[in-house]
Protein chains: 2
Amino acid sequence: MEAIKQRYSKQRETILEVVQSTLVHPNADWIYKETRKRIPNISLGTVYRNLNQLVETGRIIKLKDESMVRYDGNIGHHDHFRCAVCGKWYDVEMIDQAIIKSFAEKHDFQVESFHLELEGTCKSCLNS
Amino acid sequence: MEAIKQRYSKQRETILEVVQSTLVHPNADWIYKETRKRIPNISLGTVYRNLNQLVETGRIIKLKDESMVRYDGNIGHHDHFRCAVCGKWYDVEMIDQAIIKSFAEKHDFQVESFHLELEGTCKSCLNS
DNA sequence: CAAGCTAATAGTAATAGTTACTATTAACTC
DNA sequence: GAGTTAATAGTAACTATTACTATTAGCTTG
């Protein structure tokens with residue numbers, strides 16, 4: 001069980017920058033298209049491979065959308081709200097560690113991570 | 001915007017019974033195999049179509065696992081704990097309506113549903 | 001700082017879960 | 001019972017993701 005050697009790669013750093021530069025919670029294809037603006041011949045496989053690595057090393061977060069995976073460059077803890085009308089994902093704050101702690105004590109489960117997802121209608125869709 | 005006419009079908013009722021009869025939070029393939037024990041020539045497409053309809057009419061719940069969709073026949077509100085070791089999903093109780101209400105008031109979002117997913121190690125995997 | 005090792009890449013093929021299509025069957029209406 | 005059309009079985013197609021392979025390029029070490 002030794003640490004995986006990880007070399008620097010322009011592709012990986014660019015992908016990370018792309019994910020960190022947006023609030024849209026993009027999927028792999030969006031990230032691919034965006035990264036291609038900077039590295040025109042980057043391969044889609046490279047994008048997927050690096051996104052997985054970035055998740056494994058904790059530099060980005062993985063979200064499950066309807067039929068695909070989305071990514072979030074905001075790795076501080078937060079929850080998500082998905083607007084069912086416009087499909088946008090919002091970062092929100094809601095659950096704190098205290099709630100989780102009391103849960104872990106009640107059950108005999110060891111909680112490593114948790115994710116709250118809310119769905120409904122966002123402010124701007126309510127006003128239109 | 002009129003209600004969709006929905007005819008009775010043995011296939012759909014059997015699929016519903018299968019989902020309601022288990023706690024394993026099965027995916028489409030499991031449900032297909034299980035339903036085939038009762039209707040040997042049922043088609044996989046029929047299973048998918050009916051699962052989607054059952055979700056739309058609120059008779060079952062849809063969960064997003066790593067790479068596929070899982071279903072839950074328990075439609076009362078509850079949260080989910082996924083064991084990262086054995087992959088099992090557990091129904092748990094944690095969030096109540098009060099937490100959500102205070103959230104909806106803080107932001108100007110209208111919350112229609114929410115889902116808390118915890119991940120970690122379950123009791124039986126901790127003891128082995 | 002050049003040689004060697006191998007992680008990472010581009011490009012492509014393959015896979016898995018799911019949806020779409022089509023001719024046929026079977027619930028419901030009158 | 002005849003007509004209408006939702007639902008079906010079987011199959012093809014689609015989409016997101018992963019696997020494969022020859023080549024490229026970081027990093028290490030002498």
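In what follows, every chain begins at residue 1, and chains take the letters A, B, ... in the order their sequences are listed. Hydrogens, waters and symmetry mates are skipped; everything else that's a heavy atom, side chains included, is used.
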Side-chain donor/acceptor of B:Ser67 to base of C:dG17, under 3.5 Å = no
message = Does either side chain, that of B:His25 or that of B:Asn27, offer a donor lying less than 3.5 Å from an acceptor on the other one?
response = no
remark   = Between CG of A:Leu51 and P of C:dT9 the distance, given in whole Å, is 11 Å
ask   = Nearest of D:dT8, D:dA16, C:dA8 to any side-chain atom of B:Arg49?
value = D:dT8
For atom OH of A:Tyr8 and atom P of D:dT28, their distance in whole Å = 15 Å
key: Phosphate-side-chain proximity, A:Ser9 and C:dT9, N/O vs OP1/OP2 below 4.0 Å   = yes
task = For B:Met68 and D:dT15, give me the distance from atom CE to atom P, rounded to whole Å.
result = 22 Å
query = Where the side chain of B:Val69 is defined as all heavy atoms beyond and including C-beta, which of C:dT18, C:dA10, C:dC28 is the nearest nucleotide?
reply = C:dT18
remark   = Nearest-nucleotide check on DNA chain C, B:Ala28 vs A:Thr46; residue mapping nearer the 5' end is A:Thr46
note = Among D:dA9, D:dA7, C:dT9, the one nearest any side-chain atom of A:Asn50 is C:dT9
query = Counting only side-chain N and O atoms of A:Gln11, is one of them less than 4.0 Å from OP1 or OP2 of C:dA10?
reply = yes
request  = Send over the distance from B:Gln53 CD to C:dA20 P, rounded to a whole Å.
outcome  = 13 Å
ask   = Quick one: B:Asn52 CG to D:dT8 P, roughly how many Å, whole number?
value = 13 Å
key: Side chain proximity check, B:Thr57 to B:Gln53, heavy atoms < 4.5 angstrom   = no
note = note: A:Lys64, atom NZ; D:dT17, atom C1'; distance rounded to Å ~ 16 Å
Residue A:Arg7, side-chain atoms from C-beta onward, closest of C:dA8, C:dA27, D:dA9 = C:dA8
request  = Ignoring backbone atoms, establish whether A:Asn27 has a side-chain N or O less than 4.0 Å from OP1 or OP2 of D:dA16.
outcome  = no
request  = Ignoring hydrogens and angles, state whether a donor on the side chain of B:His78 or B:Asp72 is under 3.5 Å from an acceptor on the partner side chain.
outcome  = yes
Closest-nucleotide 5' rank along DNA chain C - winner of A:Ile42 and B:Gly45 = A:Ile42
query = What nucleotide among C:dG11, D:dA7, D:dA9 has an atom nearest to a side-chain atom of B:Gln6?
reply = D:dA7
query = Does a salt bridge link B:Glu13 with B:Arg59, judged by any charged N lying under 4.0 Å from a carboxylate O?
reply = yes
message = Between A:His80 and A:Asp91, is there a side-chain donor-acceptor contact under 3.5 Å, judged purely by atom types and distance?
response = yes
query = Do any side-chain nitrogens or oxygens of A:Asn41 fall under 4.0 Å of OP1 or OP2 in C:dT9?
reply = no
ask   = Is the NZ or CZ atom of B:Arg12 positioned over B:Tyr8's six-membered ring, under 6.0 angstrom from the centre and within 45° of the axis?
value = no
remark   = Looking only at D:dT17, C:dA8, D:dA9, the nucleotide nearest the A:Tyr48 side chain is D:dT17
remark   = Rounded to whole Å, the OH-C1' distance (A:Tyr32 to D:dT18) equals 15 Å
message = Tell me the interatomic distance from B:Arg36, atom CZ, to D:dT8, atom C1', rounded to whole angstroms.
response = 16 Å
